[in-house]
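Sequence lines set the chain letters: A, B, ... in the order given, protein chains first and strands last, and positions in each chain run from 1.
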Amino acid sequence: MRMSTLFSQTLREAPADAEMPSHKLLVRAGFIRQLAAGIYTIMPLGKRSITKIENIMREEINAIGGQEMTMPVVHPAEVWKETKRWYQIGSEMGRFKDKHDRDMVLAMTHEEVVADLIRKEIHSYRQLPALIYHIQTKWRDDPRPRAGLIRVREFTMKDSYSLDADWEGLDKQYRAHYQAYFDIFHRCGIPVIAVKSDVGMMGGKMAHEYMYLTPFGEDTLLICNGCGYAANRQVAPFEKKALPEEAMLPLEKVATPDCKTIAGLAEFLTIPEARTAKAVFMVADIPEGESSAQKFVFAILRGDMELNETKLTNALKASELRPATEEEIIAIGATPGYASPIGLPKTNAYLPVVIVVDDLIPESYNLVAGANDAGYHLLNTNLGRDYQADIIADLTAARAGDVCTVCGGSFEEVRGVEVGNIFKLGTRYSDSMGCTYQDKDGKEKPIIMGSYGIGSGRLLAAVAEEYNDEYGLIWPITIAPYQVHLVMLPAKKGAGERGSEGDVEKAANQLYLDLQAAGVEALYDDREESPGVKFNDADLIGLPIRLTVSERGLRDGLIEYKRRDRKEKRMIPRGEIIEAVKAEIAALEAEIQAKVVEAPFDE
RNA sequence: CGGGGUGUAGCGCAGUUGGAAGCGCGCUGCGUUUGGGACGCAGAGGUCCGGGGUUCAAGUCCCCGCACCCCGACCA
């Protein structure tokens with residue numbers, strides 16, 4: 001590609017909007033342009049890199065038996081109603097009506113479409129197992145897109161769907177993906193770890209997320225420093241320290257003026273926060289068939305713990321969960337700052353109340369809780385005697401320093417970006433959409449599904465995040481839009497020669513043709529720009545190998561040769577340059593290949 | 001959805017007390033330059049986010065919207 005005709009421009013300064021290095025550099029180098037919040041155009045350079053990423057995905061998924069296809073971006077709402085996700089998913093689903101006033105859905109993911117397809121196509125165990133995948137645009141109306149391509153609303157994802165006759169088959173395909181995903185990430189040059197994750201809106205049994213660790217990441221992970229166990233903070237279990245068992249003491253109401261926080265209360269009564277009960281108020285939408293019921297949630301946990309909203313959502317099987325407002329707290333008859341499950345009115349005009357209690361509370365005796373009376377708390381409250389729980393579950397968020405349930409080690413917190421995930425869906429979709437096959441014995445059985453996704457744009461951004469310096473991007477050879485950046489520095493010209501092609505141009509043009517003939521992908525800077533401009537653009541775009549053709553070098557028949565990731569330059573005779581480049585490409589590819597290793601499966 | 005911020009040329013920004021819309025980079029033409037974002041001359045480019053209002057006069061003050069960014073909530 002000649003840069004004089006490349007549809008892309010570098011920018012000296014990044015837009016003020018950009019903060020993350022990957023975002024700034026991808027914009028400055030001309031890989032992406034923004035259309036709206038979380039909606040980007042992928043420019044030619046970016047498209048070439050994304051295509052390479054997607055081809056790596058194709059190779060690896062084909063290698064484990066995948067068959068590529070394409071499924072629609074626009075879905076009739078019927079299939080989403082069948083699985084109930086039409087009702088369960090909130091505002092992040094893109095909905096519209098077609099001209100016949102039919103409800104339509106913009107694809108967020110394709111389980112419903114796959115399920116509809118296979119209930120029509122698959123009838124016999126002979127058709128199983130199968131693995132289908134596609135690389136397709138998705139729309140998720142994220143409430144807060146940010147960080148360039150890391151978190152967008154419209155994005156392209158490779159997602160595969162495994163179809164099996166039995167659970168052993170699912171395990172096998174899940175394991176195959178587990179490794180194939182590591183291979184994909186490693187071939188793109190980025191280190192990742194696999195962690196246990198929440199199944200979220202996907203439903204199903206087991207799930208792993210692949211996390212690229214970076215301080216700019218938006219997910220918090222807990223990693224055990226003893227055994228290496230890693231989990232998303234949303235699901236991480238941990239060892240809770242119960243208080244010693246003691247006899248229940250009688251309830252006692254005490255005045256606690258201006259103690260609206262746990263910290264204030266503990267200080268006022270000079271007791272540890274662990275001796276208090278914290279009440280957190282949420283309003284949840286809980287799906288019931290085709291509609292959903294709003295409920296007021298009273299979550300009780302020990303004062304020294306933090307509520308994990310994902311765990312609470314899962315305990316409630318809620319579709320939406322948000323903090324209650326002060327007006328709502330008052331409306332159910334509780335007293336903000338001094339609220340408690342004890343002494344709540346049995347009925348209220350506002351919403352039904354659900355009391356959800358953390359599983360540490362039954363083992364915690366004589367806690368201090370609010371009295372539902374401004375300025376007063378109750379001493380010695382006890383679950384079972386003083387109030388009842390509707391649900392008891394693990395509700396608390398693990399934090400750095402908490403104890404690992406596997407080995408007793410302690411957790412550290414790190415940040416990461418989720419670049420891929422794999423789910424054992426099981427029969428969640430087969431059941432709701434009637435996807436069955438006939439087994440050897442003639443019985444109808446549900447097809448067992450798995451789903452596996454990687455976002456290509458987010459992966460590109462993660463690679464850009466991992467490989468850059470103060471001058472620009474530094475692409476791994478496998479992802480670089482071109483392998484070689486050929487810089488031509490035109491010679492000084494006398495007045496009469498202007499416009500004619502000089503020796504340097506001739507040599508550079510020839511080298512460009514030779515590179516192409518040798519199958520090397522080259523970006524040729526044939527523009528009339530000063531050397532500084534060309535070198536800075538080359539550094540910014542970040543192709544792995546740079547060749548410079550100049551009068552200075554040509555005098556001795558030499559071409560300058562430099563790797564983007566190294567400082568040193570070499571001068572190589574013209575006749576040897578193609579071989580040198582090919583050898584370097586092979587060496588760079590070997591460097592990446594060396595990173596593709598077997599990963600232990602974390603059950 | 002809560003909190004904060006920003007909207008002026010393609011990009012980065014300035015714009016005083018309310019009184020003629022500017023600077024740097026980029027862009028066009030000509031010339032001089034040519035190994036790390038050169039220089040001169042001449043140009044083009046504006047819905048000052050939008051709508052109302054106050055005023056003799058609004059980029060500037062007031063009201064209402066919108067967009068984008070950041071933190072949180074949320075989220076495969």
Does any nucleotide pair with [N] by Watson-Crick or G-U wobble geometry, both distances under 3.5 Å, and what is it?
| N | result |
| --- | --- |
| B/rC1 | B/rG72 |
| B/rA38 | B/rU32 |
| B/rG43 | B/rC27 |

Original post:
Nearest nucleotide by nearest heavy atom, which residue falls closer to the 5' end of RNA chain B, A/G453 or A/L11?
Top reply: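 Nearer the 5' end of the strand: A/L11.
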**OP:** Take A/D537 and A/E19, find for each the nucleotide of RNA chain B with the closest heavy atom, and name the residue whose nucleotide sits nearer the 5' end.
**Re:**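 Closer to the 5' end of RNA chain B: A/D537.
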Original post:
Can you tell if the side chain of A/P490 reaches within under 4.5 Å of the side chain of A/V504, non-hydrogen atoms only?
Top reply: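 They are not in contact (no side-chain heavy atoms under 4.5 Å apart), so the answer is no.
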Can you tell which of [options] lies closest to the side chain of [X]?
| X | options | result |
| --- | --- | --- |
| A/L540 | B/rG37, B/rC69, B/rG36 | B/rG37 |
| A/N536 | B/rG36, B/rC13, B/rG35 | B/rG36 |
| A/E529 | B/rC75, B/rG35, B/rC27 | B/rC27 |
| A/F535 | B/rC68, B/rG36, B/rG37 | B/rG36 |
| A/R151 | B/rC69, B/rG36, B/rC74 | B/rC74 |

In whole angstrom, give me the gap between the [atom1] atoms of [N] and [M].
| N | M | atom1 | answer |
| --- | --- | --- | --- |
| B/rC56 | B/rC61 | C1' | 16 Å |
| B/rG26 | B/rC68 | C1' | 23 Å |
| B/rG45 | B/rG3 | C1' | 39 Å |
| B/rG24 | B/rG37 | C1' | 13 Å |
| B/rU8 | B/rG53 | P | 24 Å |
| B/rU6 | B/rG36 | C1' | 34 Å |
| B/rU60 | B/rG18 | P | 11 Å |
| B/rC49 | B/rC13 | P | 15 Å |

Atom pair distance, as rounded to whole Å: [atom1] in [X] and [atom2] in [N]:
| X | N | atom1 | atom2 | answer |
| --- | --- | --- | --- | --- |
| A/L554 | B/rU34 | CG | P | 18 Å |
| A/D142 | B/rC69 | CG | C1' | 15 Å |
| A/R527 | B/rU33 | CZ | P | 22 Å |
| A/K24 | B/rC11 | NZ | C1' | 14 Å |
| A/R144 | B/rG4 | CZ | C1' | 11 Å |
| A/R546 | B/rG35 | CZ | P | 14 Å |
| A/D141 | B/rC1 | CG | P | 11 Å |
| A/E92 | B/rA73 | CD | P | 16 Å |

Subject >> Neighbour count above 12 (heavy atom, 6.0 Å) for A/Y471 OH >> reply: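 Result for OH/A/Y471: open.
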Subject >> Over 12 foreign heavy atoms within 6.0 Å of CD, A/E68 >> reply: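 Counting neighbours around CD of A/E68, more than 12 heavy atoms of other residues, nucleotides or ligands fall under 6.0 Å, so yes.
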Using a heavy-atom cut-off of under 4.0 Å over every strand shown, decide if [X] touches base, sugar-phosphate, or nothing.
| X | value |
| --- | --- |
| A/A18 | nothing |
| A/A147 | sugar-phosphate |
| A/P143 | base |
| A/N421 | base |

**OP:** Go through the N and O atoms of the side chain of A/R28 and the base of B/rG37, and report whether any donor-acceptor pair is under 3.5 Å.
**Re:**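 Checked by distance alone, the answer is yes.
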**OP:** Report yes or no: is there a donor-acceptor pair, N or O only, under 3.5 Å between the side chain of A/R146 and the base of B/rC69?
**Re:**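 Absent.
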Original post:
With a 6.0 Å cut-off on ring centres, are A/Y178 and A/H208 close enough?
Top reply: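 Yes; A/H208 has its ring centre under 6.0 Å from that of A/Y178.
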Original post:
Given the side-chain rings of A/F281 and A/F298, with only the six-membered ring counted for Trp, is the space between their centroids under 6.0 Å?
Top reply: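 Close enough - the centres of the two rings lie under 6.0 Å apart.
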Original post:
Would A/L213 and A/L221 count as a side-chain contact (heavy atoms from CB on, under 4.5 Å) if you check the C-alpha gap in whole Å, the side-chain angles of each, and the deciding distance to 0.1 Å?
Top reply: CA-CA 9 Å; A/L213 301 183; A/L221 309 178; 3.5 Å; yes
Subject >> Criterion side-chain hydrogen bond (donor to acceptor under 3.5 Å, both in side chains) on A/S451 and A/E111, from CA distance to verdict >> reply: CA-CA 8 Å; A/S451 87; A/E111 282 75 19; 3.2 Å; yes
Original post:
Which of these passes side chain to side chain contact (heavy atoms under 4.5 Å, CB included) with A/I559: A/L486, A/L554, A/T548?
Top reply: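 Among the candidates, only A/L554 passes.
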Subject >> Below 4.0 Å: OP1/OP2 of B/rG37 and any side-chain N or O of A/S530 >> reply: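 No, A/S530 has no side-chain N/O under 4.0 Å of OP1/OP2 on B/rG37.
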Between the protein and nucleotides 21-26 of chain B, which nitrogen or oxygen pairs come in under 3.5 angstrom?
residue : atom : partner : partner atom : Å
B/rC25  : O2'  : A/R12   : NE           : 3.4

**OP:** Kindly indicate, with the supporting measurements, whether the criterion side-chain hydrogen bond (donor to acceptor under 3.5 Å, both in side chains) is fulfilled by A/T220 and A/R415.
**Re:** CA-CA 5 Å; A/T220 302; A/R415 306 277 285 177; 2.9 Å; yes
**OP:** Establish, for the pair A/R458 and A/F155, whether the NZ or CZ atom is under 6.0 angstrom from the six-membered ring centre and no further than 45 degrees off its axis.
**Re:**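 No, A/R458 and A/F155 do not form such a contact.
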